[in-house]
Protein chains: 2
Amino acid sequence: MSPLREKILSTASHLFQTQGINSTGVDTIVAAAGTTKMTLYKYFRSKENLILEVLEQGHQDFQAWLSEKLNSNTNKPSEKLQKLFDFIEEWVTSPNFRGMGFIKASAEFPSEASPVHQLSSEQSRQFKQYISSLAHEANIQDADGLALQLSLLFEGAVQAEQMIRGSGAMAYAKKAAKILINGAATH
Amino acid sequence: MSPLREKILSTASHLFQTQGINSTGVDTIVAAAGTTKMTLYKYFRSKENLILEVLEQGHQDFQAWLSEKLNSNTNKPSEKLQKLFDFIEEWVTSPNFRGMGFIKASAEFPSEASPVHQLSSEQSRQFKQYISSLAHEANIQDADGLALQLSLLFEGAVQAEQMIRGSGAMAYAKKAAKILINGAATH
DNA sequence: ATCAAGCTATACAGATTAGTATAATCAAAA
DNA sequence: TTTTGATTATACTAATCTGTATAGCTTGAT
């Protein structure tokens, strides 16, 4: 892929996260990326299109990183579920963590008719589905229920971390997750 | 207070929640409220000022409703904590629930220099502090830790409910809350 | 009936937005 | 050296935004 295209994507991702999506103009993006509007509109049909691609890439990066971590560091299915929040914490507290795109995007595009909102909720659904599959492999009875609860903790912790940087929310979310997982496993 | 002023406040609150704050123009607000810009700017110094007042009123309404419910329906401190999420669910699933302002506002105003962001995180802190005081009265050892975990569940559930309306997330958040409360009480 | 206060109507300024049109520049390939 | 393709520079359109200025209307009190 064109390096300029990637530069625009990463610059936009950074600005969207730090300044907000709607508050970040196209002019700001191209200035920060060191290019011009003509080039941006050559690679992206519209600003909405750029937003969608930023979201898509962010989500894929996270999912790929997470499943790779789980597959290479754990063996048994029950172990995967137990270590899930350890890796999530590692991701969230890493220096180049820029927040979860789909959480903020759904807040900035509340209308369900918006393609951005639709992609956001689809990504949230996919993430929950991934946790559910882990819970299912670990023979948890109410796998979907546990997955929903864990995703609530996750989204709440990310939200809290975005609200007050360095709040340590994820550490407590991890503890809560362990309690919920153990509780669900005994049934 | 002037009925027109209140009409503007409630209209703005509704539009901010359904369309987003930054995406809702002042012209849209006055048209929906059946008045004009001149009147709006008579009662509110600026749009930012209006946003702050909408947030303030929404938070006060919620806090007043919740503590009234808890004080009139429960006696023992431990009972308050147990019934907390029952009442929260009642609030969130009520027909005129318009979402929690401070959660979306912090997403739309990510810069910590923004007064809107500052008020949002202050309200989030106050809510967590309220839960903490309940936990403390119930003689929970790590009252602050439990309060943080419960507020994560709360914010995650509201977020999920905003993302996919009628997802039933709050019911599962309630179950998770009971488990965490019981777990913390035995220590 | 006159007056005053509150509200409406409308037009405007100034800034910012997304997106486009046109021309100049630059580098590498033929 | 000439051509080709990619990028830049700049100017522009048309819409939208917050906030203000000016003038007219309406209603209730004196």
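No hydrogens, no waters, no symmetry mates; every other heavy atom, side chains included, goes into these values.
Using a 4.5 Å heavy-atom cutoff, the side chains of A:Lys80 and A:Leu84 are not in contact. When side chains are defined from C-beta on, B:Asp144 does not count as touching A:Tyr172, because their heavy atoms never get closer than 4.5 Å. In this structure, A:Leu4 and A:Thr35 have side chains that are in contact, with non-hydrogen atoms separated by less than 4.5 Å. Contact check for B:Ile131 versus B:Leu148: no side-chain heavy atoms found under the 4.5 Å cut-off.
A donor atom on one side chain and an acceptor atom on the other are not found under 3.5 Å apart for A:Glu108 and B:Ser23.
Taking the six-membered ring for Trp and thresholds of 30 and 60 degrees, A:Trp65 and A:Trp91 have ring planes inclined between 30 and 60 degrees apart.
Here B:Leu119 contributes atom CG and B:Phe102 contributes atom CZ; the two are 10.5 Å apart, rounded to the nearest 0.5 Å.
When heavy atoms are screened at a 4.0 angstrom cut-off, A:Phe44 is found touching no nucleic acid atom at all.
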Across nucleotides 18-24 of chain D, 5' to 3', mark each nucleotide with B, S or - according to how protein heavy atoms within less than 4.0 Å reach it. BBBBB--

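Taking 4.0 Å as the cut-off between side-chain N and carboxylate O, A:Arg5 and A:Glu53 count as a salt-bridged pair.
Aromatic rings from B:Phe62 and B:Phe127 are positioned such that their centres are separated by under 6.0 Å.
For DNA chain D, the residues of residues 2-15 of chain A within the heavy-atom distance limit of 4.0 Å (strictly under) are A:Leu4, sorted by number.
Think of the region where chain B sits on DNA chain C: with heavy atoms and a 4.0 Å cut, that region ends 5' and 3' at C:dG6 to C:dA9.
Nearest heavy atoms, A:Gln82 versus A:Lys178: O-CE, 3.5 Å.
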